[in-house]
Amino acid sequence: MMRFAFSREPVSGADIRRLVGDDAAGAYVAFEGWVRNHNEGREVRRLEYEAYESLGVKEGERIIAEAGQRFGGASVYCVHRLGPLEIGDIAVIVGVSTPHRGEAFDACRYVIDEVKHRVPIWKKEHYVDGDSGWVNCERCASAAHDHDHDSHDDPSGDERQRGTGRRQAG
Amino acid sequence: MMRFAFSREPVSGADIRRLVGDDAAGAYVAFEGWVRNHNEGREVRRLEYEAYESLGVKEGERIIAEAGQRFGGASVYCVHRLGPLEIGDIAVIVGVSTPHRGEAFDACRYVIDEVKHRVPIWKKEHYVDGDSGWVNCERCASAAHDHDHDSHDDPSGDERQRGTGRRQAG
Amino acid sequence: MPNVRIEYFAILREHAGKDAEELQTGACTAGELFNELADRYAFPELNSMKVAINEEFDDWDTALADGDSVAFIPPVAGG
Amino acid sequence: MPNVRIEYFAILREHAGKDAEELQTGACTAGELFNELADRYAFPELNSMKVAINEEFDDWDTALADGDSVAFIPPVAGG
């Protein structure tokens, strides 16, 4: 397989495009997630990604296999950066080639949506004001600390199992 | 404006990406239409694109302006090749950056769909068997010639006005 | 008898054997002009043809004026 | 008393002060193990935590076996 990978080095659109190129393909759709200079109202200076790499690669490959089945014959690659990134860097890139363009758009969107939802990757943002925090974690954490520290004694309870983190757009 | 252009030289994804880059943008979606080695069951050796360039640029700019209005703040560029192209060449490329990814996918798809539908560009395919033909034109033409050459005396009639060409996928 | 400039593209250019021409026509509308030229150059019959006058899409029954630039738009196939 | 290996990521790694450890636990399930460690390391309360056992997502009430590798998955934020 090897269609999902983590990288500690910068990745480019040209790399991905080469991997999915095919003379029978008529359509290519690429998604790139760029490191923005702000998130939820705060100015971001840089960030770091960390992953549970072995499980992350398995889950990434599963997502890509699903996309291939759902969107006839899509050829897909996805690379996610790890380690420190600067503003404007590519954090994640998905490239899809298909015979026809509808499937390329649908498969590309499916893969990035699922990767953001399912692959164990964490992002720590470092803000211009010197503060930093793990995205999707810090607010829940501090809110919980503020009013009731005792309620975490059942991690298998409904809230933990069914609650969904705030979806990260972008 | 100048967000839609024709090019007689090869275009690359990196060129387009540079044009729409922006530190506030978090999502980038690109579509590339590649010259396939086959179309509708025939093996294609090469092809040529021709356009009514002045009207084509106006219509392309209109489409991109529509996309910007519909999909909040999308930054869009589109370049379409003209002249002779080989298998695997990029025929058209659309790049879109937005703060969030949903709009980038939607705007990119809107632009390529409308460009294929509305911009006066024609494609002549040269087949491996030595034959050639204008896509969307040759079959209608020969079908008409075969059975009734007299029916073209009212180009303003319903069939001409309302008929839609077969949509080209890919 | 308006004097008009006509641009030919793609399959129509090949049938006309030229990119463009100026001519004085007895046609009153863009549609009549097309028919006149279709007879002269044996244009193929095409579905969903459009017409542009002075670099904008227009209607087949638009009256022609002296100096108009007219282009016939065969079915497009970009991308 | 199963002997398990635990991997810590992101905010949990910072709270635990280590990437991983092996320990013998009185916990019977992954959920009980998390509570034991949350008390020890003062883990923050997180919504939608998940757990993986032996490199696959699993349930909080799965019984732990000797030699299991357990990882707690805080809310993810790829892309």
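Each chain gets a letter, A, B and so on, in the order its sequence line appears, and its residues count up from 1.
With a 4.5 angstrom heavy-atom cutoff, B/Glu48 does not touch chain C via any of its atoms. Only the backbone of B/Val119 comes within contact range of chain C, judged by heavy atoms closer than 4.5 Å. Heavy atoms of C/Glu14 lying under 4.5 Å from chain B belong exclusively to its side chain. In this structure, the portion of B/Arg118 lying under 4.5 Å from any heavy atom of chain C is its backbone and not its side chain.
The two residues C/Phe9 and B/Ala51 make their nearest non-hydrogen contact at CE2-O, 3.6 Å. Residue C/Ile73 comes nearest to B/Leu55 through the heavy atom pair CD1-CD2, 4.3 Å, listed as atom of the first residue, atom of the second, then distance. Scanning both residues, C/Val76 and B/Lys116, for their nearest heavy atoms gives CG2-O, 3.4 Å. Nearest heavy atom pair, residue C/Phe57 against residue B/Pro120, reads CZ-CD, 4.3 Å. Pairing each heavy atom of B/Tyr49 with each of C/Gly78, the nearest pair is CE2-CA, 4.3 Å.
Expressed to the nearest 0.5 Å, how far CD of B/Glu53 lies from CD of C/Glu55 amounts to 11.0 Å. Distance check, rounded to the nearest 0.5 Å: CH2 of B/Trp122 to CZ of C/Arg13 gives 10.0 Å. The distance from the OG atom of B/Ser54 to the CD atom of C/Glu7 is 6.5 Å, given to the nearest 0.5 Å.
Of all residues in residues 88-96 of chain B, those placing a non-hydrogen atom less than 4.5 angstrom from a non-hydrogen atom of chain C are B/Ala91, B/Val92.
Applying the side chain to side chain contact (heavy atoms under 4.5 Å, CB included) criterion to C/Ala65, with sequence neighbours excluded, gives C/Asp68.
More than 12 non-hydrogen atoms from other residues, nucleotides or ligands lie less than 6.0 angstrom from CD of C/Glu36. More than 12 heavy atoms of other residues, nucleotides or ligands sit less than 6.0 Å from atom CD of C/Glu56.
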